[in-house]
Amino acid sequence: MSRRFFVIAILAALSAAPAAHPAANTDPDWPCVQRKVPELSIGQVWNAGELPETAKQWDKDPRLSDLAAELVKRSNPIDDARKQISDYIASLPKDQAHEKLEQLFMGVFDKINIERALIISGISRYAESQRQLAADLRKKAAEVDKMRTASDADQTELARQTAQLTWETRIFEERVQSLSYVCEVPTMIEQRLYSLSKIISEMMQRD
């Protein structure tokens with residue numbers, strides 16, 4: 001096997017392997033180094049006391065729901081988010097502030113958990129696609145290598161197949177790099193949730 005096709009085979013085999021730290025993950029097909037946590041719990045991010053049942057009623061307040069949707073956007077700088085929360089609370093009667101902050105946290109938590117779950121599901125589908133692509137590359141690499149060693153090989157067809165394999169390998173490698181970035185997204189979302197949780201709890205303490 002030529003050096004080029006040997007590299008392809010090794011790369012493909014690596015992509016098909018289980019996660020780099022299987023002991024940290026219960027899903028052997030999870031492709032990220034980061035531990036897979038399908039769903040966050042309130043206790044992981046909230047330390048301002050037990051939330052009452054009324055906190056779950058955040059979706060009954062359209063204004064609060066719209067604010068929660070704005071806060072979870074990663075394109076929204078955290079300092080801007082802090083001001084948006086502060087302005088919202090300042091617009092409320094003082095005796096409503098505490099309850100609304102609890103509901104706001106719950107709205108943010110629920111929205112982020114949904115977004116994060118969708119991303120994790122997408123990562124799993126992406127990884128499965130990579131495993132299938134890796135298998136296809138190994139098969140094509142073997143076929144091209146066999147053609148290369150054949151004495152009666154059609155050189156024009158060999159060149160075409162080699163170029164196609166090179167192109168598909170480049171796509172595969174770009175997808176490997178993209179996966180490394182995508183794997184960071186759940187962590188980025190968690191960090192935003194922690195920041196928003198801290199801001200909300202601090203405002204509750206000042207209330």
Side-chain angles (χ1 to χ4, degrees), residues 19 21-129 178-207:
H21 296 276
N25 291 292
T26 57
D27 183 352
D29 294 326
W30 180 244
C32 304
V33 172
Q34 297 86 346
R35 185 168 65 94
K36 182 180 180 181
V37 181
E39 185 174 350
L40 298 174
S41 67
I42 292 175
Q44 291 176 268
V45 295
W46 184 252
N47 59 4
E50 185 176 354
L51 291 166
E53 284 297 310
T54 54
K56 298 178 182 179
Q57 298 175 7
W58 62 267
D59 56 347
K60 295 181 179 180
D61 182 337
R63 184 184 174 203
L64 189 148
S65 181
D66 289 345
L67 175 58
E70 185 65 26
L71 295 175
V72 302
K73 293 179 181 177
R74 279 171 283 145
S75 59
N76 184 11
I78 201 67
D79 286 340
D80 289 356
R82 181 190 297 274
K83 186 176 186 305
Q84 289 166 346
I85 298 171
S86 180
D87 289 347
Y88 169 70
I89 294 304
S91 71
L92 298 173
K94 189 171 180 60
D95 62 352
Q96 293 183 16
H98 192 90
E99 179 181 42
K100 288 301 182 181
L101 282 168
E102 291 174 333
Q103 291 181 345
L104 183 60
F105 166 75
M106 200 71 234
V108 166
F109 178 83
D110 286 347
K111 287 179 180 293
I112 281 184
N113 232 354
I114 291 172
E115 178 189 6
R116 188 176 170 280
L118 289 173
I119 290 172
I120 287 175
S121 177
I123 290 174
S124 295
R125 292 195 302 272
Y126 192 98
E128 177 57 34
S129 175
S178 296
L179 182 59
S180 297
Y181 168 75
V182 172
C183 282
E184 295 286 347
V185 176
T187 300
M188 293 165 60
I189 292 175
E190 291 167 31
Q191 290 171 346
R192 185 167 188 87
L193 177 58
Y194 295 145
S195 296
L196 292 171
S197 172
K198 183 177 180 181
I199 292 170
I200 294 171
S201 64
E202 287 174 351
M203 291 189 181
M204 286 180 64
Q205 292 169 13
R206 292 203 301 264
D207 178 48

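All residue numbers in this chain count up from 1 along the given sequence.
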Nearest heavy atoms of [X] and [Y], plus distance in Å:
X      : Y      : result
Glu39  : Gln44  : O-OE1, 4.3 Å
Leu196 : Leu71  : CD1-O, 3.6 Å
Asn76  : Glu70  : ND2-O, 3.2 Å
Lys36  : Ser124 : NZ-OG, 4.1 Å
Lys100 : Leu64  : O-CD1, 3.6 Å
Trp30  : Arg35  : NE1-C, 4.2 Å

Is it true that a side-chain atom of [X] and a backbone atom of [Y] form a donor plus acceptor pair closer than 3.5 Å?
X      : Y      : answer
Gln57  : Gln103 : no
Thr187 : Cys183 : no
Gln96  : Pro93  : no
Ser195 : Gln191 : yes
Ser197 : Val45  : yes

Quick one, Val182 and Tyr126 - any side-chain contact, counting heavy atoms below 4.5 Å?
no
For Glu115, all residues meeting side-chain contact (heavy atoms from CB on, under 4.5 Å), sequence neighbours excluded:
Arg74, Ile119, Ile189
Give, for atom [atom1] of [X] and atom [atom2] of [Y], the distance between the pair rounded to the nearest 0.5 Å.
X      : Y      : atom1 : atom2 : answer
Ile123 : Asp29  : CD1   : CG    : 14.0 Å
Leu92  : His98  : CG    : NE2   : 13.5 Å
Leu101 : Met106 : CG    : CE    : 14.5 Å
Tyr88  : Met203 : OH    : CE    : 12.5 Å
Ile85  : Leu104 : CD1   : CG    : 5.5 Å
Asp59  : Asp110 : CG    : CG    : 8.0 Å

Is any NZ, NE, NH1 or NH2 atom of the basic residue among Glu128 and Arg125 found under 4.0 Å from an Asp or Glu carboxylate oxygen of the other?
no
Could you check Glu202 against Arg82 for side chain to side chain contact (heavy atoms under 4.5 Å, CB included), going step by step and ending with a plain yes or no?
CA-CA 11 Å; Glu202 287 174 351; Arg82 181 190 297 274; 3.7 Å; yes
